[in-house]
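When reading the values below, keep in mind they use all heavy atoms of this one structure, side chains included, and skip hydrogens, waters and symmetry mates. Read the numbers this way: they start at 1 and go in the same order the structure lists the ligands and their atoms.
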Amino acid sequence: MANFRYVIVGGGMAGAAAAKGIREADPTGPIAIIGREPDPPYRRPHLSKALWKGRPEEQVWIKLPPGVEVVLGREVTRLDTQRKVVIDDQGAETGYEALLLATGGRTRRLPFGGDGVLYYRTFQDYKRLRGQTAQGSRFAVIGGGFIGSEIAAALAMNGSQVSMVFPDPGIGSNVYPAGLSAFVTSYYREKGVDVLAGRSVAGLEQRNGAWALKLRDEAAGRDEELVVDHVVAGVGIAPETALAEAAGIALDNGIAVDRFLRTSAPGVFAAGDAASFLNPALGRRIRVEHEDNANTMGRIAGLNMAGRETPYDHLPFFYSDLFDLGYEAVGNLSSRLETVEQWEEPNRKGVIYYLDGGRVAGVLLWDVWGKVAAARELVSSAGPFSRAEIERSRPISPD
Ligand SMILES: Cc1cc2nc3c(=O)[nH]c(=O)nc-3n(C[C@H](O)[C@H](O)[C@H](O)COP(=O)(O)OP(=O)(O)OC[C@H]3O[C@@H](n4cnc5c(N)ncnc54)[C@H](O)[C@@H]3O)c2cc1C
């Protein structure tokens with residue numbers, strides 16, 4: 001049996017950041033990363049942005065520190081917290097002193113279509129999608145959230161004919177206030193994307209080498225059909241918690257960790273998309289599916305695995321690019337919250353505040369850059385804040 005001082009399950013962004021964090025605190029302790037994917041750690045956001053804008057593939061790989069053994073194409077299927085051992089799908093056992101679960105998320109799947117639908121998440125998915133663009137130009141993108149909107153833009157920018165299908169009234173309508181969602185939706189249409197909002201996909205069948213999607217327009221009480229060459233879906237992820245759950249580790253909308261990113265099992269830590277943590281600024285337990293969280297939380301988990309006691313009090317930011325629109329954001333961006341919009345140029349440049357119980361719960365910086373720290377400070381402030389006060393004081397200037 002191989003033994004390592006540090007074992008990381010999951011060769012993604014949090015896992016790579018943890019290896020770097022361990023090395024900051026322990027220059028020599030042996031580290032193993034065991035990853036299910038055939039590829040070493042890479043920058044996942046590049047899969048829907050940079051790689052479609054001509055950036056070379058070499059730029060996706062994350063450089064690991066020295067002394068890290070990376071075992072690829074192996075899924076850890078069992079964790080024995082008593083013996084401090086993980087067991088992979090080939091029966092190989094690896095012993096640890098400190099273990100990190102950085103298992104990310106598993107894509108949600110539709111109840112039909114099987115492997116004909118590409119659930120976009122990995123570098124191999126990117127390669128498959130690239131291959132598909134050379135074999136037929138009509139794509140259906142299912143989902144109007146982060147992944148769906150980025151993939152639709154990436155494909156359209158590369159000459160494909162794209163139809164976007166989703167049940168909500170507009171692109172990003174769970175996040176953007178109604179007016180901004182309507183603007184983004186019409187912006188996509190101007191860019192040539194056929195946006196089929198308000199439609200659910202009710203079925204999918206292969207016909208003469210193409211795919212026929214059965215669409216249901218509930219509002220109009222009508223069924224429609226869409227025929228394409230390829231189908232891509234971005235319909236969300238569920239945290240990958242099976243391994244932790246089977247080992248009896250406490251879950252709470254993900255693998256539950258304390259301030260120091262320790263799970264309920266001794267010597268076992270968790271970080272990234274899979275882990276839920278108590279965020280002091282928001283005053284509640286959250287799970288975040290974004291890069292800054294994976295990198296920062298992963299690093300701190302690594303430091304703590306190597307004996308430090310660094311609390312994870314960070315309020316992560318996130319970002320997205322949609323054609324030539326772009327934003328950064330902090331906190332809870334739910335369009336169900338009350339919003340205050342301050343535009344320098346309507347729908348082009350401005351700041352949107354999301355209010356919840358007298359606090360600023362989130363800030364959307366729409367084409368406004370370099371203001372993440374100010375947004376974090378505002379979300380961390382106790383308030384109380386009211387719409388009138390924010391309209392008067394304009395706490396974050398778009399300039
Ligand atoms: C296409 C795309 C675009 C994105 N764009 C943005 C963006 O613009 N901005 C942003 O902030 N965030 C973005 N994200 C989100 C960001 O990439 C994730 O939050 C981040 O990758 C999470 O890192 P992680 O290490 O927790 O999980 P992951 O990167 O998903 O890595 C987890 C790894 O663990 C492996 N694994 C799981 N279980 C096991 C097991 N039992 N044994 C072995 N290995 C296992 C998985 O196969 C995977 O490789 C994007 C995500 C995608 C998919």
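- At a heavy-atom cutoff of 4.0 Å, ligand 1 is contacted by both the backbone and the side chain of Tyr319.
- Ionic pairing of Arg109 and Asp115 is present here: one or more N-O contacts between side-chain nitrogen and carboxylate oxygen are shorter than 4.0 angstrom.
- A salt bridge is absent between Lys127 and Glu37; no separation between the charged side-chain nitrogens and carboxylate oxygens falls under 4.0 Å.
- Nearest non-hydrogen protein atom to atom 5 (N) of ligand 1 is Lys49 NZ, 3.0 Å.
- Closest to atom 15 (C) of ligand 1 among all protein heavy atoms lies Glu289 O, 3.6 Å.
- Ring to ring, Phe385 and Tyr353 are not that close: their centroids are 6.0 angstrom or more apart.
- For ligand 1, one of its N or O atoms has an N or O atom of Val76 under 3.5 Å away.
- Atoms of ligand 1 found under 4.0 Å from any heavy atom of Ser48 (numbered from 1 in listed order, with element): 1 (C), 2 (C), 3 (C).
- Remark: ligand 1 and Arg121 share an N or O pair separated by less than 3.5 Å (distance only, no angle test).
- Proximity of Arg74 to ligand 1, defined as any heavy-atom pair under 4.0 Å, is confined to the backbone N, CA, C and O atoms.
- At the shortest separation from atom 39 (C) of ligand 1 among protein heavy atoms lies Thr103 CG2, 3.8 Å.
- Taking only nitrogen or oxygen atoms, main chain and side chain alike, Tyr120 does not reach within less than 3.5 Å of ligand 1.
- Each of the following atoms of ligand 1 lies closer than 4.0 Å to a heavy atom of Gly12: 25 (O), 29 (O), 31 (O), 33 (C).
- Between Phe146 and His290, the gap from one ring centroid to the other is short of 6.0 Å.
- Given atom 4 (C) of ligand 1, the protein heavy atom at minimum distance is Pro45 CA, 3.6 Å.
- Set against the non-hydrogen atoms of Gly104, the atoms of ligand 1 under 4.0 Å away are 26 (O), 27 (O), 30 (O), 32 (C).
- Within the 4.0 Å heavy-atom criterion, neither part of Ile151 lies near ligand 1.
- Distances below 4.0 Å separate heavy atoms of Glu37 from the following atoms of ligand 1: 47 (O), 48 (C), 49 (O).
- Looking at atom 44 (N) of ligand 1, its nearest protein heavy atom turns out to be Arg36 N, 3.1 Å.
- Near Gly10, meaning under 4.0 Å from one of its heavy atoms, ligand 1 places the atoms 33 (C), 34 (O), 35 (C), 44 (N).
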Let's go through Tyr96 and Asn3 carefully: what are the C-alpha distance in whole Å and the side-chain angles of both, what is the deciding distance for side-chain hydrogen bond (donor to acceptor under 3.5 Å, both in side chains) to 0.1 Å, and is it a yes or a no? CA-CA 6 Å; Tyr96 63 85; Asn3 281 295; over 6 Å; no
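- For Asp229 and Gln135, the side-chain atoms include no donor-acceptor pair closer than 3.5 Å.
- At least one N or O atom of Arg44, backbone or side chain, sits closer than 3.5 Å to an N or O atom of ligand 1.
- Looking at Leu303, Ile31, Leu100 one by one, the single match for side chain to side chain contact (heavy atoms under 4.5 Å, CB included) with Ile22 turns out to be Ile31.
- Of all protein heavy atoms, the one lying nearest to atom 25 (O) of ligand 1 is Ala14 N, 2.8 Å.
- Considering both main-chain and side-chain atoms, Glu240 never comes within under 3.5 Å of ligand 1 through any nitrogen or oxygen pair.
- Looking only at atom types and distance, the side chain of Tyr319 has no donor-acceptor partner in the side chain of Asp292 under 3.5 Å away.
- Here is the list of ligand 1 atoms found below 4.0 Å of a heavy atom in Ile34: 43 (C), 44 (N).
- With a 4.0 Å cut-off on non-hydrogen atoms, Ile147 touches ligand 1 through its side chain and not its backbone.
- Scanning the protein heavy atoms around atom 22 (C) of ligand 1, the nearest turns out to be Asp273 OD1, 3.1 Å.
- Side-chain N/O atoms of Arg285 and Ser276 include a donor and acceptor closer than 3.5 Å.
- Contact between Glu150 and ligand 1 is present, with at least one heavy atom of the residue lying under 4.0 Å from the ligand.
- Rounding to the nearest 0.5 Å places CG of Asp223 at 8.5 Å from CD of Glu218.
- Side-chain contact, Glu341 with Trp343: a donor N or O sits under 3.5 Å from an acceptor N or O.
- Taking 4.0 Å as the cut-off between side-chain N and carboxylate O, Asp321 and Lys49 do not count as a salt-bridged pair.
- With no hydrogens or angles considered, a side-chain donor-acceptor pair links Asn293 and Tyr312 at under 3.5 Å.
- Ring planes of Phe123 and Tyr42: tilted class, angle from 30 to 60°.
- Per-residue contacts place Val9 under 4.0 angstrom from the following atoms of ligand 1 (heavy atoms of the residue considered): 40 (C), 42 (N), 43 (C).
- One finds a salt bridge joining Glu24 and Arg299 here, because a Lys/Arg side-chain nitrogen approaches an Asp/Glu carboxylate oxygen to under 4.0 Å.
- Between Ala294 and ligand 1, a contact under 3.5 Å exists for no N or O pair.
- At a threshold of 4.0 Å, the pair Arg287-Asp252 does not count as salt-bridged, since none of the basic side-chain nitrogens sits closer than that to a carboxylate oxygen.
- Scanning all protein heavy atoms for the shortest distance to atom 12 (N) of ligand 1 gives Glu291 N, 3.2 Å.
- Listed by atom number, the atoms of ligand 1 under 4.0 Å from Gly272 heavy atoms are 26 (O).
- Residue contacts with ligand 1: Phe317 is placed with no nitrogen or oxygen under 3.5 Å of a nitrogen or oxygen of the ligand (distance criterion only).
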